[in-house]
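Proteins come first, then strands; the chains are lettered A, B, ... in the order of their sequence lines, and each starts at number 1.
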Amino acid sequence: MGSGTRSIHARASAAFRYGPRLPRSFYTRPTLVVARELLGKVLLYDGPEGRRAARLVEVEAYHGTRDPASHAFRGPTPRTSVMFGRPGHAYVYLSHGVWFCMNVVAHGPEIAGAVLLRGAEPLEGFAKTARLSGPGLLGRAFALSTAHTGVDLTRSSLQLRDAPPVASRQIARGPRIGIAESATSAKPWRLWVRGSRGVSR
DNA sequence: CCACCGATTGCT
DNA sequence: GCAATCGGTGGT
């Protein structure tokens with residue numbers, strides 16, 4: 001462990017390990033590919049308020065201005081402009097005046113792709129029984145707010161770390177949650193890890 | 001300027 | 001099944 005290349009961290013509890021930050025190139029791919037590959041990766045906050053880590057097990061993809069379910073529908077606004085910017089940044093929005101939900105900007109350039117983080121399993125900094133299932137609960141667990149919108153995940157204390165990919169047979173797909181049926185039935189863009197406790201509903 | 005409503009959650 | 005709670009959006 002001493003020298004700089006400590007890319008793999010041993011987990012205190014299970015034998016789960018994770019690697020270095022995901023590079024910009026990870027995010028600069030088709031939104032659905034990014035969504036799929038984010039499963040199993042580690043959301044990490046490593047800052048003055050402490051260290052928290054969780055393994056992503058549920059995500060949803062939102063893509064382009066033609067997707068009526070996306071916040072990018074009909075072009076950029078002050079709130080959503082980050083979605084049209086560089087991949088690898090965070091987009092956090094307030095839901096129902098109560099819950100802060102986090103997206104990862106994907107795809108680019110100029111094409112507004114985003115992956116909503118919907119569920120995770122606690123790894124570090126949480127009780128093992130903590131529920132991180134649901135975008136609002138996940139946002140609360142990481143003390144997120146709209147101030148995190150625009151944060152560069154490849155440079156900030158809020159970051160995503162590499163980890164072993166989830167096998168295809170472990171991944172389930174379905175319609176996105178809370179979206180009008182007409183807008184989502186043809187787009188099964190909710191992806192989750194089968195059987196995980198961190199999946200909502 | 002104001003009214004509406006949501007990529008949610010937990011309790012009645 | 002529905003209230004809580006507030007900022008973005010679009011219409012007046």
So, is the end of the A/R190 side chain (NZ or CZ) under 6.0 Å from the ring centre of A/W192 and within 45° of the ring's axis?
yes
Donor on one side chain, acceptor on other, A/Q159 and A/T154, under 3.5 Å:
no
Nearest whole angstrom, please: distance from the C1' of C/dG8 to the CZ of A/F100.
14 Å
Rounded interatomic separation in angstrom, taking OH from A/Y93 and P from C/dG7:
16 Å
Which is true for A/R79 with a 4.0 Å heavy-atom rule: it touches a base, it touches only sugar-phosphate, or it touches nothing?
sugar-phosphate
Can you tell which of C/dT5, C/dG7, B/dG10 lies closest to the side chain of A/L94?
C/dG7
Between B/dT8 and A/R118, is there an OP1 or OP2 to side-chain N/O distance shorter than 4.0 Å?
yes
Pairing donors with acceptors under 3.5 angstrom, does anything connect the side chains of A/Y91 and A/H71?
yes
Taking atom P of B/dT8 as reference, at what distance in whole Å does atom CD1 of A/I179 sit?
7 Å
Taking CG from A/L191 and P from B/dA7, how many angstroms apart are they, rounded to a whole number?
19 Å
Round to a whole Å and report the spacing from CZ of A/R131 to P of B/dC11.
14 Å
Reckon A/H71 has a side-chain N or O less than 4.0 Å from the OP1 or OP2 of B/dA7?
yes
Whole-Å P distance, C/dT12 and B/dC5
14 Å
Compare the minimum distances between each of B/dT9, C/dG7, C/dT9 and the side chain of A/P135, then state the nucleotide with the smallest one.
B/dT9
Do A/T184 and A/R176 get their side chains close enough for a donor-acceptor pair, meaning under 3.5 Å?
yes
Given B/dT9, C/dG8, C/dT5, which nucleotide is nearest the side-chain atoms of A/W99?
B/dT9
Starting at CG of A/L144 and ending at C1' of B/dT9, how long is that distance when rounded to a whole Å?
16 Å
Write down the distance between CG (A/L116) and C1' (B/dT9), rounded to a whole number of angstrom.
14 Å
A/E121 side chain reached by A/S196 side chain, heavy atoms, under 4.5 Å:
yes
Please state how far atom CG in A/L137 lies from atom C1' in B/dA7, giving the value in whole angstrom units.
14 Å
Position toward the 5' end of DNA chain B (nearest nucleotide), A/G97 or A/S133
A/G97
Hunt down the Watson-Crick or G-U wobble partner of B/dC1, both distances under 3.5 Å, from any strand shown, or write none.
C/dG11
